[in-house]
Amino acid sequence: MNDTLLPGLYIVATPIGNLQDVSRRQEATLRQADVIAAEDSRVTAKLLNHLGIKKQITAYHDHVSETVAENLVDMLGEKAIALVSDAGTPLISDPGYKLVRKARAAGHLVTTIPGPCAMVAALTLAGLPTDRFFFAGFLPAKAKARADTIAEIAELRATLMFYESGPRLAKSLRALAEELGDREAAVAREITKAFEETVTGTLPELAERYADAPPKGEIVIIVGPPGDRPAASDADIDAALREALETLPPGKAARQVAKTLRMSSDGLYERAMALKDEA
Ligand code: SAM
């Protein structure tokens, strides 16, 4: 046990590119911790070298064996353990969640030394509404799962945020444009690094821009909330229901039209029945 930090788990954010972003508190915690638990010891060693800290690093990710996790939790009664990930805030698309749960369940001190997080930094750069936002992490790699995930959050009245990598950017932007239409969006890349850039445009514009030119580096995609669309008129609803009834029974036709016109299905089934009887 050391004299300066109480025993417990210290969640320490680290820079997302620019090493000058280490705060005094982060540096002091890393210096004073008894143990540093890190996602990748080679990456964390570079940061510790930069700070002139020599300390043993213990590997931690959420898939370590129960024994490794339990050993760390047992140590928390006597030692200050600093948890870091490769970059940014631990637990945010990074390991740590299970360790925090276990440490809390065992009654240990759990505290955070906050700092850089690519999602928050990107949100400040995009020029899109910040009052409500939804962080969706990485989109799935497979096309169907990716489309399903986007459809699931399409109606949220919030700015949407995704982590991404250069090679996958074009596919993700295309899928987002297909599912969400021409919403305003931004691609924030290499934040705090030498080649930081934020490119804004509609989703189709961004999808086209990056279609054949995968950029290098780390990326956050930010998508503005859905605009206020005018409510569908009764004539539009009837036309959509008639078309759907050509191939579907009334219940399914009503559900499909509710989805297509992005409206409540209340009363649509009754209207579909009435139109079917008229036909
Ligand atoms: N825990 C980290 C945080 O707090 O941001 C995120 C870790 S996640 C495994 C890595 C992803 O974060 C990258 O693929 C990228 O989407 C995003 N990211 C990290 N650093 C970034 C940077 N400097 N610029 C843009 N995006 C970044």
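Note that ligands are numbered from 1 as they come in the structure, with each ligand's atoms numbered from 1 the same way.
- Contact of the Val22 side chain with the Thr14 side chain is not registered, since no non-hydrogen atoms from C-beta on lie closer than 4.5 Å.
- Not a single heavy atom of Phe162 sits closer than 4.0 Å to an atom of ligand 1.
- Closest to atom 9 (C) of ligand 1, if we only count protein heavy atoms, is Ser93 O, 3.2 Å.
- Taking every heavy atom of Glu190 and a limit of under 4.0 angstrom, the matching atoms of ligand 1 come to 23 (N), 24 (N), 25 (C).
- The shortest N/O to N/O separation between Phe138 and ligand 1 does not fall below 3.5 Å.
- A salt bridge links Glu70 with Lys102: the distance from a Lys NZ or Arg NE/NH1/NH2 to an Asp or Glu carboxylate oxygen falls below 4.0 Å.
- By the rule that hydrophobic residues join a cluster once side-chain heavy atoms approach within less than 4.5 Å of another member, Ile191 and Ile221 end up as members of separate clusters.
- Counting only heavy atoms of the protein, atom 7 (C) of ligand 1 lies nearest to Asp94 OD2, 3.3 Å.
- Looking at Arg174, its side chain never comes within 3.5 Å of a backbone N or O of Ala207 through a donor-acceptor pair.
- The closest protein non-hydrogen atom to atom 24 (N) of ligand 1 is Ile191 N, 2.9 Å.
- For ligand 1, the atoms closer than 4.0 angstrom to any heavy atom of Lys193 are 23 (N).
- In terms of protein heavy-atom proximity, atom 4 (O) of ligand 1 is closest to Thr89 N, 2.8 Å.
- Cluster membership check: Tyr97 shares its hydrophobic cluster with Ile81, using side-chain heavy-atom separations under 4.5 Å among Ile, Leu, Val, Met, Phe, Trp and Tyr.
- Contacts with ligand 1 closer than 4.0 Å are made by backbone heavy atoms (N, CA, C, O) of Glu164 only, the side chain lying farther away.
- Contact between Thr192 and ligand 1 is absent, with no heavy atom of the residue lying under 4.0 Å from the ligand.
- For ligand 1, the atoms sitting less than 4.0 Å from at least one non-hydrogen atom of Ala87 are 1 (N), 2 (C), numbered in the order shown with element in parentheses.
- Given atom 3 (C) of ligand 1, the protein heavy atom at minimum distance is Tyr163 OH, 3.4 Å.
- For the pair Leu160/Arg183, a side-chain contact is recorded, criterion being any heavy-atom separation below 4.5 Å from C-beta on.
- Among Leu169, Ile153, Ile219, the one residue that satisfies the side chain to side chain contact (heavy atoms under 4.5 Å, CB included) test with Phe162 is Ile153.
- Judged by distance alone, the side chain of Glu196 and the main-chain N or O of Thr192 form a donor-acceptor pair under 3.5 Å.
- Regarding atom 16 (O) of ligand 1, its nearest protein heavy-atom neighbour is Ile219 O, 2.5 Å.
- Which parts of ligand 1 touch Gly88 is read off a 4.0 Å heavy-atom cut-off, strictly below it: atoms 3 (C), 4 (O).
- Of all the atoms in ligand 1, the ones that sit under 4.0 Å from a non-hydrogen atom of Ile92 are 1 (N), 2 (C), 6 (C), 7 (C).
- For Tyr60 and Asp62, the side-chain atoms include at least one donor-acceptor pair closer than 3.5 Å.
- Checked against a 3.5 angstrom limit, the closest N/O atoms of Ile16 and ligand 1 fall inside it.
- Of the listed residues (Glu197, Glu164, Glu218), just one forms a salt bridge (charged side-chain N to carboxylate O under 4.0 Å, His left out) with Arg189, and that residue is Glu197.
- Of all protein heavy atoms, the one lying nearest to atom 20 (N) of ligand 1 is Glu218 OE1, 3.2 Å.
- We find the CD-CG distance between Glu27 and Leu47 to be 9.0 Å, quoted to the nearest 0.5 Å.
- Of all protein heavy atoms, the one closest to atom 18 (N) of ligand 1 is Ala118 CB, 3.4 Å.
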